[in-house]
Novice: 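To start, I am sharing the structure in question, which I have written as C-alpha cells.
Every chain is numbered from 1, with letters handed out A, B, ... down the list of sequences. Small disclaimer: the values here were computed from a predicted structure and weren't measured.
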Amino acid sequence: MTETTDRYGIVLVTAPSERDAKTIARGLVDANLAACVSISAIESIYTWKGEVNEDREWQLIVKTDLTHFDRLEAKVRELHNYEVPEIIAIPIIAGFEPYLNWIGEQCRPSSH
Amino acid sequence: MTETTDRYGIVLVTAPSERDAKTIARGLVDANLAACVSISAIESIYTWKGEVNEDREWQLIVKTDLTHFDRLEAKVRELHNYEVPEIIAIPIIAGFEPYLNWIGEQCRPSSH
Amino acid sequence: MTETTDRYGIVLVTAPSERDAKTIARGLVDANLAACVSISAIESIYTWKGEVNEDREWQLIVKTDLTHFDRLEAKVRELHNYEVPEIIAIPIIAGFEPYLNWIGEQCRPSSH
C-alpha cells in the first residue's frame, strides 16, 4: 500500500451527452491529463433559476495527478459547452502502488 | 482553481428504489441542502444477519456544503425508510471556482 | 454526525466483467473486509501501450474500514485477473454514526 499526500485524486465532471462525455474523456487522455476516465449514465436533479430540473447526464470519473489540476480544468472548459461545468477534485489517500505509479506515468502533459 | 478546506463535499446515500431516490434528491434540493444530486442504478452486495445479500439499489451523489451536514443527515433520515441509511461525506479538495461558488449559493437552508 | 479521522473510506476497484465484479465483491464481504460493495456498469477510456482504448468495465465502490486496507488490497489482487488493478482509497470525513458503526462491525477480518 502507498500512503499518498493528495497528489493523486479523482476529478468528477458531468456532461450533457454520452458523445460530449467521450470527447472530454478522450481529450484529457490524449493530453496526458488523465490516466483513465470512466463514464456512466446518471439522472441529475438540481435547481436552475428557481426551478427544480431533472436531466439525463453522463458522469465522468477522471483518475489523475492533481499536480496538473489547473491544466485539467482548462482542458475540460475548452471541450465543454456548459458555462459552469462541474469540475471537482477528491483525494486518493491510499492505493495499490503499481496502479498509482501508472497514474503518475500517464499524467505527464507536455510543457506547452 | 480554488483550494478548498473541506467546506464542500459529496455525500453518498443509497435508496431501495428510483422513486425513493428521486424523493430524497428533490427533498434535499428543495430544502437548499444540495446544489445538485445525481442518481444511478447499482447492485449492492452486503451481509445482513449473517447472510450475503444482493439487492438492486440507487446511488445518490449529493454535491453540497458540508457546513450543513447535520441538517442534510436529518432530512435524509426524514425521507428515508431504512433504519440505518448510508449517509457518508467525502471532501472536495479543489474545484472550478464558479462551480464551487454555485454550490455555496444553492446551499443556504432557511434558519428554521 | 460523526467526525471521522480517515478510518472509514470507500475503495474504488474496476473489473472486466459483471461476474468478476461480483466475485470480488462477495470475496471482500465474505472475508469481512467490506461492509457493502456497490457495482455498476461503466465505459473506461485510457491509454495502453500508446493506444487510446475504450472498454466496457464494472465499477466497485467498497465501503470499508481503511485500517485493513493492506488486506483488502491483497484479497482484491488474489481474486482479480488484471496484473495492475485499480485499488484506490478515498476518505469518509463525516457520516451518520449508526452507519459508520455498522461498517466498523462488519469489517473485522479474522486474524489469519
Novice: Do I10(A) and I88(C) make a side-chain contact, defined as non-hydrogen atoms from C-beta onward lying under 4.5 Å apart?
Specialist: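 Contact flag for I10(A)/I88(C) side chains = yes.
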Novice: Does some side-chain heavy atom of V52(C) sit less than 4.5 Å from a side-chain heavy atom of D30(A)?
Specialist: yes
Novice: Quick check for you: among P91(A), A25(A), A41(A), A21(A), which has the greatest number of heavy-atom pairs under 4.5 Å with chain C?
Specialist: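 Most heavy-atom pairs under 4.5 Å with chain C: P91(A).
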Novice: In sequence, state the C-alpha distance, the side-chain angles, and the governing distance for I42(C) and I39(A), and then conclude on side chain to side chain contact (heavy atoms under 4.5 Å, CB included).
Specialist: CA-CA 5 Å; I42(C) 55 172; I39(A) 293 172; over 6 Å; no
Novice: What distance separates Q59(C) CD from S40(A) OG, expressed to the nearest 0.5 Å?
Specialist: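 Going from the CD atom of Q59(C) to the OG atom of S40(A) covers 8.5 Å.
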Novice: With a 4.5 angstrom heavy-atom cut-off, is it the side chain or the backbone of L60(A) that approaches chain C, or both, or neither?
Specialist: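 Interface part for L60(A): neither.
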Novice: Using 0.5 Å steps for rounding, measure from the OH atom of Y99(A) to the CD1 atom of I87(C).
Specialist: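 Those atoms lie 10.0 Å apart.
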Novice: Heavy atom to heavy atom, less than 4.5 Å: which residues from residues 75-86 of chain C reach chain A?
Specialist: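 R77(C), E83(C), V84(C), P85(C), E86(C), listed by number.
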Novice: Return the CD to CD distance between E43(C) and E18(A), rounded to the nearest 0.5 Å.
Specialist: 6.5 Å
Novice: When only pairs under 4.5 Å are counted, which of N53(C), T47(C), T14(C), V11(C) shares the most heavy-atom pairs with chain A?
Specialist: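 Greatest number of close heavy-atom pairs with chain A: T47(C).
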Novice: Answer yes or no: is there a side-chain heavy-atom contact under 4.5 Å between Y46(C) and V29(A)?
Specialist: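 When only atoms from C-beta onward are counted, V29(A) and Y46(C) do not touch, as no gap falls below 4.5 Å.
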Novice: For N32(A), give me all partners under side chain to side chain contact (heavy atoms under 4.5 Å, CB included), at least two apart in sequence or on another chain.
Specialist: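 Result, side chain to side chain contact (heavy atoms under 4.5 Å, CB included) vs N32(A): none returned.
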Novice: Just verifying a value: how many Å separate I90(C) CD1 and I93(A) CD1, rounded to the nearest 0.5 Å?
Specialist: 8.5 Å
Novice: With rounding to the nearest 0.5 angstrom, report the NZ to CG distance, K63(A) to L12(C).
Specialist: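 Taking NZ in K63(A) and CG in L12(C), the distance rounds to 7.0 Å.
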Novice: CH2 of W48(C) to SG of C36(A): how many Å apart, nearest 0.5 Å?
Specialist: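 Rounded to the nearest 0.5 Å, the CH2-SG separation comes to 11.0 Å.
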